[in-house]
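Notes for the one structure printed next.
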Amino acid sequence: MSESYAVRVGTPSDARLIAPILAELLGKPTLEDGVIAGLNTNLLRLLQTPGSTLLVAQHDDGSLMGFASLWTRWGVLDSAPSGLIDRIVVRPSLQNSSVASALLEQALGACQGMGCASIDLVLTSESTVDIGALEGFGFKELGRRYYLEVM
């Protein structure tokens, strides 16, 4: 797949285009119907939450090459919102391409456009951003982050 693509804001109909990326990441030919239904629900929830955004890298042929989700939040002592980029996911076959960096650049621009004073990026097992790329954008590793799964 060539790298002719554009990054745009995601829409509810993108759930059907995200499913093949997730299937590829999981090493499956397709996702089960229940998983796709959950993806649709989660995407609608994300898009309806104020301050949340989904960005997608769409190939010229209409397929998605990757996506990024982000949101902003205000703390009680904050004078400006903080941004959180919580996922940047690119098809495994494109992980050494410019797609992840393009999504990161657009996510940073979206956070800055919403007035964020700081931006955090969470590296998850699905995230496909190179640490060197993060440093190139000015990210610094700071402290430790703790995680508690309650469900």
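Note that these values count all heavy atoms, side chains included, but never hydrogens, waters or copies made by symmetry.
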Sub-3.5 Å donor-acceptor pair from the side chain of Thr49 to the main-chain atoms of Arg45, do we have one? yes

Quick one: salt bridge (Lys or Arg N to Asp or Glu O under 4.0 Å) pairs with a partner in residues 17-26, sequence neighbours left out? Glu24-Arg91

If you count heavy atoms of other groups shown closer than 6.0 angstrom to CG of Asn42, is the number above 12? yes

Distance-only donor-acceptor hits, side chain of residues 71-78, under 3.5 Å, sequence neighbours excluded:
{"residue": "Asp78", "atom": "OD2", "partner": "Gly75", "partner atom": "N", "Å": "2.7"}

Considering only heavy atoms from C-beta outward, does the side chain of Leu84 approach that of Ile119 to under 4.5 Å? no

Under a 4.5 Å cut-off applied to non-hydrogen side-chain atoms, are Ser82 and Ser118 in contact? yes

Closest heavy-atom contact between Asp14 and Thr11? OD2-N, 2.7 Å

Where the side chain of Ser52 meets the backbone of Gln48, is there a donor-acceptor pair that is under 3.5 Å apart? no

Asp120 side chain near Ile85 side chain, heavy-atom distance below 4.5 Å: no

Table please: side-chain donor-acceptor pairs of residues 98-106 below 3.5 Å, with sequence neighbours left out.
{"residue": "Ser98", "atom": "OG", "partner": "Glu3", "partner atom": "OE1", "Å": "2.6"}
{"residue": "Ser98", "atom": "OG", "partner": "Tyr5", "partner atom": "OH", "Å": "2.9"}

Following the transitive rule for hydrophobic clusters with a side-chain heavy-atom cut-off under 4.5 Å over Ile, Leu, Val, Met, Phe, Trp and Tyr, establish whether Ile21 and Leu44 coincide in one cluster. no

Side chains of Val56 and Val9: closer than 4.5 Å at any heavy-atom pair? no

Give, for atom CD1 of Ile18 and atom CD1 of Ile36, the distance between the pair rounded to the nearest 0.5 Å. 11.5 Å

Partners meeting salt bridge (charged side-chain N to carboxylate O under 4.0 Å, His left out) with Arg16 (sequence neighbours left out): none

Within-4.5 Å side-chain heavy-atom neighbours: Arg8 and Gln58: yes

Close side-chain approach of His59 to Leu64, heavy-atom, < 4.5 Å: no

By side-chain contact (heavy atoms from CB on, under 4.5 Å) - contacts of Leu47 (at least two apart): Pro12, Leu43, Leu54

Shortest non-hydrogen contact between Gly83 and Cys111, atoms and distance: CA-SG, 4.1 Å

Looking only at heavy atoms, which two atoms of Leu31 and Ala19 are closest? And how far apart? CD1-O, 3.5 Å

Those residues that, when tested against Glu141, pass salt bridge (charged side-chain N to carboxylate O under 4.0 Å, His left out) (two or more places apart): none

Contact between Asp86 and Leu70 at the side-chain level, heavy atoms closer than 4.5 Å - yes or no? no

